[in-house]
Amino acid sequence: MIEEKDLRAALKLYFIMGSPNCQSRPQQVLEDAINGGVTLFQFREKGKGALKGDEKKALGEELQWICKNHGIPFIVNDDIDLALELDTDGVHIGQEDEPLESVREKIGNKIIGVSAHTVEEARQAVNGGADYLGVGPIFPTKSKEDAKAAQGTSVITDMRKNGIRLPIVGIGGIGRGNAKSVIEAGADGISVISAIAGAGDAAIAAAALKKELT
Ligand SMILES: Cc1ncc(COP(=O)(O)OP(=O)(O)O)c(N)n1
Ligand SMILES: Cc1ncsc1CCOP(=O)(O)O
Ligand SMILES: [Mg+2]
């Protein structure tokens, strides 16, 4: 069971990716991103060309091993069965995924992140026992085909103003130049896909983002 203060620190620079997001080997992209300062990783094997079944599991195992070697928490998106098979540090679920209560029953005290787009969804997730909230899309994004409209950082300030104290990570179109505004709005960290996975050098991109957050 991770302490809340350690989870808040881990959410600082939260990298998300799967093989469809990478122009080179995902293993190398992750290794470079961690060397650049990423503090937590989510394996999100989704979208055109995403791996399935044993291939997805094999890639997940390799990426989990890289995270373990660097002491970085490894989270799996959506796929609770895979999370149990790999004994991951946690999972992330959205409003359309398996309900929080049922996931908690299956995974015990592992980390559960829940997507929230409104104060009401945030409150429900808090009451349901979520460990952190993924809030957004804050800015327009091309990395999630069914993303809702960008909400701006006010969605985070509204949650804080309405007494939501759970750790929050902002997500959606975040990169250099707007990362700081997400923290200033009250998030504990930022989560990104393309700002790191789509960069020429993931280590340089991660380090530049990390610098903006300090
Ligand atoms: C940290 C974080 N926040 C939000 C999401 C989005 O989750 P979800 O709404 O379930 O959409 P998919 O990622 O499953 O397409 C996330 N994955 N991570
Ligand atoms: C998974 C997800 N959930 C809301 S926006 C998004 C995609 C974020 O990707 P990027 O950082 O490239 O905008
Ligand atoms: Mg999901």
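The figures that follow rest on heavy atoms only: side chains count, while hydrogens, waters and symmetry mates do not. Start at 1 and go down the list; that is how both ligands and their atoms are numbered.
- Residue contact check for ligand 2: Arg44 places a non-hydrogen atom closer than 4.0 Å to it.
- Side-chain contact between Arg44 and Lys144: present, with at least one pair of heavy atoms (C-beta onward) separated by less than 4.5 Å.
- The distance criterion of under 3.5 Å between nitrogen or oxygen atoms is not met by Ser191 with respect to ligand 1.
- Counting the atoms of ligand 2 from 1 in the order shown, those under 4.0 Å from a heavy atom of Gly172 are 5 (S), 13 (O).
- Close N/O approach between Lys46 and ligand 1 is found [any backbone or side-chain N/O within under 3.5 Å].
- Protein heavy atom nearest atom 13 (O) of ligand 1, with residue, atom name and distance: Arg44 NE, 2.7 Å.
- Checked against a 3.5 angstrom limit, the closest N/O atoms of His117 and ligand 1 fall outside it.
- Using a 4.0 Å cut-off to heavy atoms of Gly173, the atoms of ligand 2 that qualify are 10 (P), 13 (O).
- Counting the atoms of ligand 2 from 1 in the order shown, those under 4.0 Å from a heavy atom of Val192 are 11 (O).
- The contact set between ligand 1 and Ser115, taken as ligand atoms under 4.0 Å from a residue heavy atom, comprises 4 (C), 5 (C), 6 (C), 7 (O), 8 (P), 9 (O).
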Run the side-chain donor-acceptor check on residues 162-179: report pairs under 3.5 Å with partners two or more places apart or on a different chain.
{"residue": "Asn162", "atom": "ND2", "partner": "Asp158", "partner atom": "O", "Å": "2.7"}
{"residue": "Arg165", "atom": "NH1", "partner": "Arg160", "partner atom": "O", "Å": "3.2"}
{"residue": "Asn178", "atom": "OD1", "partner": "Gly175", "partner atom": "N", "Å": "2.8"}
{"residue": "Asn178", "atom": "ND2", "partner": "Gly173", "partner atom": "O", "Å": "3.0"}

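- Close contacts of ligand 2 with Ser194, meaning ligand atoms under 4.0 Å from a residue heavy atom, involve 10 (P), 11 (O), 12 (O).
- Contact atoms of ligand 1 toward Tyr14: 1 (C) (distance under 4.0 Å to a heavy atom of the residue).
- In this model, a donor atom of one side chain and an acceptor atom of the other lie less than 3.5 Å apart for Glu45 and Ser19.
- With respect to atom 11 (O) of ligand 1, the closest heavy atom belonging to the protein is Lys144 NZ, 2.8 Å.
- Within the set Ile171, Asp97, Asp146, the minimum heavy-atom distance to atom 10 (O) of ligand 1 is found for Asp97.
- Listed by atom number, the atoms of ligand 1 under 4.0 Å from Asp78 heavy atoms are 10 (O), 14 (O).
- Ranking protein heavy atoms by distance to atom 16 (C) of ligand 1, first place goes to His92 CD2, 3.4 Å.
- Linking Ile, Leu, Val, Met, Phe, Trp and Tyr whenever their side-chain heavy atoms come within less than 4.5 Å puts Val76 and Trp65 in one cluster.
- The atoms of ligand 1 that sit less than 4.0 Å from any heavy atom of Gly94 are 8 (P), 9 (O), 10 (O).
- When hydrophobic side chains of Ile, Leu, Val, Met, Phe, Trp and Tyr are connected at separations under 4.5 Å, Met1 ends up as a singleton with no cluster partners.
- Within the listing of ligand 1, atoms 12 (P), 13 (O), 14 (O), 17 (N) sit less than 4.0 angstrom from a heavy atom of Asn77.
- Protein atoms that are N, O or S and lie under 2.8 Å from the Mg ion (ligand 3) are these: Asp78 OD1, Asp97 OD2.
- Nearest-residue assignment for atom 18 (N) of ligand 1 (options Lys148, Gln95, Gln42; heavy-atom criterion): Gln42.
- Counting the atoms of ligand 1 from 1 in the order shown, those under 4.0 Å from a heavy atom of Gly134 are 3 (N).
- Among the atoms of Tyr132, none of the N or O lies under 3.5 angstrom from an N or O of ligand 1.
- Of the polar atoms of Ile193, at least one N or O is found under 3.5 Å from an N or O of ligand 2, judged by distance alone.
- Partners of Asp32 according to the side-chain hydrogen bond (donor to acceptor under 3.5 Å, both in side chains) rule, which considers only residues two or more places apart in sequence or in another chain, are Gln28.
- Between Asp79 and Lys56 the shortest side-chain heavy-atom distance falls below 4.5 Å.
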